[in-house]
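Report on the structure given below.
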Amino acid sequence: MRAVFDSGAEHTFDLVVGADGIHSRTRALAFGPEERHVRYLGAHYAIATLPEDGPPLPAPAPAPGGPLVALMRSTPGRTAVYGGTSAMFVFAADPPPAGRADDADRRRLLAAAFANAAEPVADLVERALRADDLFVDSISRVQMPSYTRGRVALLGDAAFGNTLAGFGTGLAVIGAACVLAGELAAADGDHTAAFARCGALMRRHAAPARTGNASTFLAPSTAMGLWLRERMFASPRLTRLLLKSTDAFATAGELPDYPRPAPRP
Ligand SMILES: Cc1cc2nc3c(=O)[nH]c(=O)nc-3n(C[C@H](O)[C@H](O)[C@H](O)COP(=O)(O)OP(=O)(O)OC[C@H]3O[C@@H](n4cnc5c(N)ncnc54)[C@H](O)[C@@H]3O)c2cc1C
């Protein structure tokens, strides 16, 4: 594979692995445009470290009886969480325009979604919009018929991302460090055999990432959905169960026990 970098440098590689996240440029180059592989799930999220100017913000507090310590305010389709220095927002929004929305578009989405919010959420949003590190992105799910093409393989969110589903890191590490590396070593460098095995294993292992939409839980669209979510967060047992089950999505499946590769001469 010949790769040309932005700097103009050119290099030749045996294999190219795209582990460049849910908006993977490698995927776009090798498999086609993002719209073909990434489905928008109806909501965005935003994260920011809030400027500490202005009147002090309310202190985060434990949810009644629950293990989470945060200030959380929700109305249907919108949730704001403040954890002490940073805030996160999840909000329903129209799909981004075809192609990538720019930073200003995303800031506008956040401002519009919380335009009529009451305090303290209005203050959180106002500070977030002034934060140096405000990050806003869509909540989306990647749906790929195959994770490999020729000598290119996709891993992690580029291949099976599902924003905020709670197990993406586990899947990314298992796919990269374990399955792809293990299969390449087991196939003695025969990438065709290794990619086929890796693809089949990860398709099974990453199955939970191909369904589900975290925004329906994080920012439920109905009052009933919100009520149920609050009840769950108020219960330490149910909250622990939820966290355990999302962990299990990444870690519970059976994987081959790959031998440690021989040291290189
Ligand atoms: C707010 C939030 C909370 C989350 N919480 C959890 C959680 O609790 N548990 C969990 O398991 N997962 C969680 N996730 C998901 C997790 O972060 C991802 O699934 C995981 O990081 C995917 O790893 P990745 O290596 O595939 O992609 P990424 O972590 O997105 O890494 C991709 C890397 O590629 C780089 N890159 C992109 N394009 C280029 C380019 N053109 N050139 C060079 N470099 C490039 C990026 O800078 C980045 O460093 C969360 C995600 C978010 C957004």
Side-chain angles (χ1 to χ4, degrees), residues 20-23 41 43-93 96 101-140 156-157 161-173 213-220 226 229-236 238-247 250:
D20 46 351
I22 198 155
H23 300 296
L41 297 178
H44 277 59
Y45 70 95
I47 302 182
T49 310
L50 302 186
E52 287 182 10
D53 50 10
L57 288 159
L68 300 182
V69 179
L71 175 95
M72 182 155 78
R73 294 284 185 278
S74 296
T75 52
R78 300 188 303 195
T79 288
V81 186
Y82 169 62
T85 52
S86 55
M88 178 169 171
F89 308 87
V90 178
F91 51 97
D102 69 16
D103 210 36
D105 291 334
R106 295 200 194 94
R107 281 171 182 263
R108 271 194 290 276
L109 279 182
L110 173 65
F114 288 91
N116 59 355
E119 296 296 352
V121 174
D123 187 11
L124 295 177
V125 173
E126 189 275 325
R127 291 184 200 225
L129 289 167
R130 287 190 288 112
D132 296 334
D133 61 354
L134 173 65
F135 181 78
V136 186
D137 198 7
S138 57
I139 294 185
S140 303
D157 278 6
N162 187 333
T163 315
L164 298 179
F167 47 85
T169 306
L171 285 184
V173 170
N213 174 357
S215 73
T216 58
F217 174 75
L218 296 171
L226 273 177
R229 205 267 317 266
E230 301 312 320
R231 296 285 74 70
M232 211 216 69
F233 277 147
S235 157
L238 289 179
T239 306
R240 271 196 296 274
L241 203 65
L242 172 80
L243 296 175
K244 216 170 149 187
S245 70
T246 53
D247 276 357

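We use all heavy atoms of the structure for the numbers below, so side chains are in, but hydrogens, waters and symmetry mates are not.
- Contact of the Leu41 side chain with the Thr163 side chain is not registered, since no non-hydrogen atoms from C-beta on lie closer than 4.5 Å.
- Within the 4.5 Å cutoff, the side chain of Met232 has heavy atoms near those of the Thr239 side chain.
- Between Asp53 and Arg130 there is a side-chain heavy-atom pair separated by less than 4.5 Å.
- The heavy-atom pair separating Tyr45 from Ser138 by the smallest distance is CE2-O, 3.8 Å.
- Between Asp105 and Arg108 there is a salt bridge, since at least one side-chain N of the basic residue sits less than 4.0 Å from a carboxylate O of the acidic one.
- Of all heavy-atom pairs between Arg78 and Ala219, the closest is N-CB, 4.0 Å.
- Looking at Leu57 and Leu71, their side chains never come closer than 4.5 Å, going by heavy atoms from C-beta outward.
- Going from atom CG of Leu171 over to atom CG of Asp157 covers 8.5 Å, rounded to the nearest 0.5 Å.
- Side-chain contact check for Val90 versus Phe217: every heavy-atom pair is 4.5 Å or farther apart.
- Between Pro58 and Tyr82, the shortest heavy-atom contact is O-CE2, 3.3 Å.
- No donor-acceptor distance shorter than 3.5 angstrom exists from the side chain of Arg73 to the backbone of Val121, with no hydrogens or angles considered.
- Within the structure, salt bridge (charged side-chain N to carboxylate O under 4.0 Å, His left out) contacts touching residues 79-93 (residues at least two apart or in different chains) do not occur.
- Closest non-hydrogen pair, Arg229 versus Pro220, comes out as NH1-CD, 3.8 Å.
- Taking both residues in full, the closest heavy atoms of Ala111 and Leu129 are given as CB-CD1, 3.8 Å, listed atom of the first, atom of the second, then distance.
- Side-chain atoms of Met88 and Thr79, non-hydrogen and from C-beta on, never get closer than 4.5 Å to each other.
- Scanning both residues, Ala165 and Thr246, for their nearest heavy atoms gives O-CG2, 3.6 Å.
- Applying the side-chain hydrogen bond (donor to acceptor under 3.5 Å, both in side chains) rule to Thr49 yields the partners Asp133; only residues at least two apart in sequence or on another chain are considered.
- Taking the side chain as every heavy atom from C-beta outward, Asp123 and Leu50 never approach each other to under 4.5 Å.
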